[in-house]
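Just so you know, these numbers come straight off a predicted model, no measurement behind them. We number each residue from 1, following the sequence as shown.
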Amino acid sequence: MFTVSARVQIRDELIAAARQDVDIAGAALVGSTARGTEDRWSDIDLVLQLAEDANEAAVVARWTRSLDEKFGVADTLDVTSREGVRYRVFLLGSSLQVDVSFWPHDLFRATEDGFQLVFGQANEPTSAPKPGSGQVIGMAWLYALHARSAIARGRTWQAVLMLDELRTQIIALECLRHGLNPWHGREVDRLPESVLATLRDGRATSVGLSELERSRQVLLQHYLAAVEHHDAERAVALRRALGPDQRGAGGTTNC
């Protein structure tokens, strides 16, 4: 397990390496460090601006080798943003997560609250779009249908997965409603206690079919109530389609 002092040392070494790299024109810290909310469990979030003539793939490969040689990399994961920016997520042998993003020169900018420029010159900041409630509402009813059919067919573990996905969409709707960050449950714990209590009640206490069905009904009612706050007309139609009269029976669904 990594220590706070080790995390600070690694972060400082990465910044020093970026300053010396001719293919890196700028760097910034984001995440909890930049927001001033870093704690014992925080990771490292480093944003790098590529030089105009840099070969992105070669730079990423070189940095990957360097991190492995210096700190011991257990695994990596690449995530690509809408803009085409590569985020390489490193899992070190100490279990420390290190996120290094490699930004084309003209895209290097703040895209969220908490952007601490270390060196270089950033472009004008932009704001990442929040997920639209419309898409979340649609994904939720899709998972609700699959949960219903899984329970009807006696597929308990598929039902567990679908109920978990339904709950995730409900959490996103509630976070959007209350002005909280909906991404990855970052601020779900700040939801009102009444909302959290309903979420707790909606968790199945076993994988028995009757308990899964109870969970589905609680989550479904929570979902429909959440939709009403975003789109009352849509909630009426969804309640007709998904309400108590649409429980279904084993073998009757086509999901």
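Listed for the Arg109 side chain is a donor-acceptor partner under 3.5 Å among the backbone atoms of Glu124. Listed for the Asp75 side chain is no donor-acceptor partner under 3.5 Å among the backbone atoms of Leu91. Gln49 contributes a side-chain N or O that, together with a main-chain N or O of His105, makes up a donor-acceptor pair within less than 3.5 Å. Here the side chain of Ser215 pairs no donor or acceptor atom with the backbone of Glu211 at under 3.5 angstrom.
Taking a cutoff of 4.0 Å between a charged side-chain nitrogen and a carboxylate oxygen, Glu38 and Arg11 qualify as a salt bridge. Under the 4.0 Å criterion applied to side-chain N and carboxylate O atoms, Glu193 and Arg200 are assigned as salt-bridge partners. Taking the charged nitrogens against the carboxylate oxygens, Glu13 and Lys70 have no contact shorter than 4.0 Å, which rules out a salt bridge.
Cys175 and Val188 make their closest contact through SG-CA, 4.1 Å (heavy atoms, listed as atom of the first residue, atom of the second, distance). Minimum interatomic distance between Ala28 and Phe115 (heavy atoms only, all atoms of both residues): CB-CZ, 3.4 Å. Scanning all heavy atoms of the two residues, the minimum distance from Leu166 to Ala140 falls at CD1-O, 3.4 Å. In this structure, His230 and Leu173 approach most closely via the heavy-atom pair NE2-O, 3.0 Å. Nearest heavy-atom pair across Leu212 and Ala204 is CD2-CB, 4.0 Å. Among all heavy-atom pairs drawn from Val89 and Asp99, the shortest one is CG1-OD1, 3.1 Å.
In the hydrophobic clustering of this structure, Leu96 does not group with Val30; members are Ile, Leu, Val, Met, Phe, Trp, Tyr whose side-chain heavy atoms approach within less than 4.5 Å, directly or through other members. Hydrophobic clustering, with ILVMFWY side chains joined whenever heavy atoms are under 4.5 angstrom apart, keeps Val100 apart from Leu77. In the hydrophobic cluster analysis, where Ile, Leu, Val, Met, Phe, Trp and Tyr join through side-chain heavy atoms closer than 4.5 angstrom, Tyr87 is grouped apart from Leu46. If you chain together hydrophobic residues whose side chains sit under 4.5 Å apart, Val218 and Ile151 never meet in one group. Linking Ile, Leu, Val, Met, Phe, Trp and Tyr whenever their side-chain heavy atoms come within less than 4.5 Å leaves Val8 and Leu29 in two separate clusters.
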Can you list the steps and then say if Leu161 with Trp157 is a side-chain contact (heavy atoms from CB on, under 4.5 Å)? CA-CA 6 Å; Leu161 290 173; Trp157 285 105; 5.9 Å; no
Please report the C-alpha distance between Arg19 and Val118 in whole Å, then the side-chain angles of each, then the deciding distance to 0.1 Å, and finally whether the side-chain contact (heavy atoms from CB on, under 4.5 Å) criterion is met. CA-CA 9 Å; Arg19 289 184 183 276; Val118 178; 3.5 Å; yes
Applying side-chain contact (heavy atoms from CB on, under 4.5 Å) to Thr156 and Leu209, what does each step give before you reach the verdict? CA-CA 7 Å; Thr156 57; Leu209 289 175; 3.7 Å; yes
Apply side-chain contact (heavy atoms from CB on, under 4.5 Å) to Asp23 and Trp63, showing your working. CA-CA 11 Å; Asp23 288 322; Trp63 271 72; over 6 Å; no
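With a 4.5 Å cut-off on side-chain heavy atoms, Leu191 and Leu180 count as touching. A 4.5 Å side-chain heavy-atom check between Ile44 and Thr33 finds every atom pair outside the cut-off. Using a 4.5 Å heavy-atom cutoff, the side chains of Val73 and Val98 are not in contact. The side-chain heavy atoms of Phe2 and Leu92, taken from C-beta on, include no pair separated by under 4.5 Å. By the 4.5 Å heavy-atom criterion applied to side chains, Leu117 and Phe108 are counted as neighbours. Contact check for Leu220 versus Arg148: no side-chain heavy atoms found under the 4.5 Å cut-off. A 4.5 Å side-chain heavy-atom check between Trp103 and Asn123 finds every atom pair outside the cut-off.
Counting only N and O atoms by type, the side chains of His178 and Glu187 include no donor and acceptor under 3.5 Å apart. Counted by atom type alone, Ser42 and Asp39 present one or more donor-acceptor pairs between their side chains at under 3.5 Å. Asp43 and Gln97 share a donor-acceptor pair across their side chains, judged by distance under 3.5 Å alone.
With a 6.0 Å radius and a threshold of 12 heavy atoms from other residues, nucleotides or ligands, Arg203 has its CZ atom at or below the threshold.
With rounding to the nearest 0.5 Å, the separation of CZ in Arg234 from CG in Leu224 is 11.5 Å. In this structure, CG on Leu50 lies 7.5 Å from CZ on Phe102, to the nearest 0.5 angstrom. Taken to the nearest 0.5 Å, the CE atom of Met1 stands 8.0 Å off from the OG atom of Ser94. Note that CG of Leu219 is 7.5 Å distant from CG of Leu199, once rounded to the nearest 0.5 Å. Atom OG of Ser66 sits about 9.5 Å away from atom CG of Asp68, to the nearest 0.5 Å. With rounding to the nearest 0.5 Å, the separation of CZ in Arg190 from CD in Glu174 is 14.5 Å.
Of the candidates Glu213, Arg214, Gln221, Glu213 is the only one forming a side chain to side chain donor-acceptor pair (under 3.5 Å) with Gln217.
A cation-pi arrangement is not found for Arg239 relative to Tyr223, the charged atom failing to lie both closer than 6.0 Å to the ring centre and inside a 45° cone about the ring normal.
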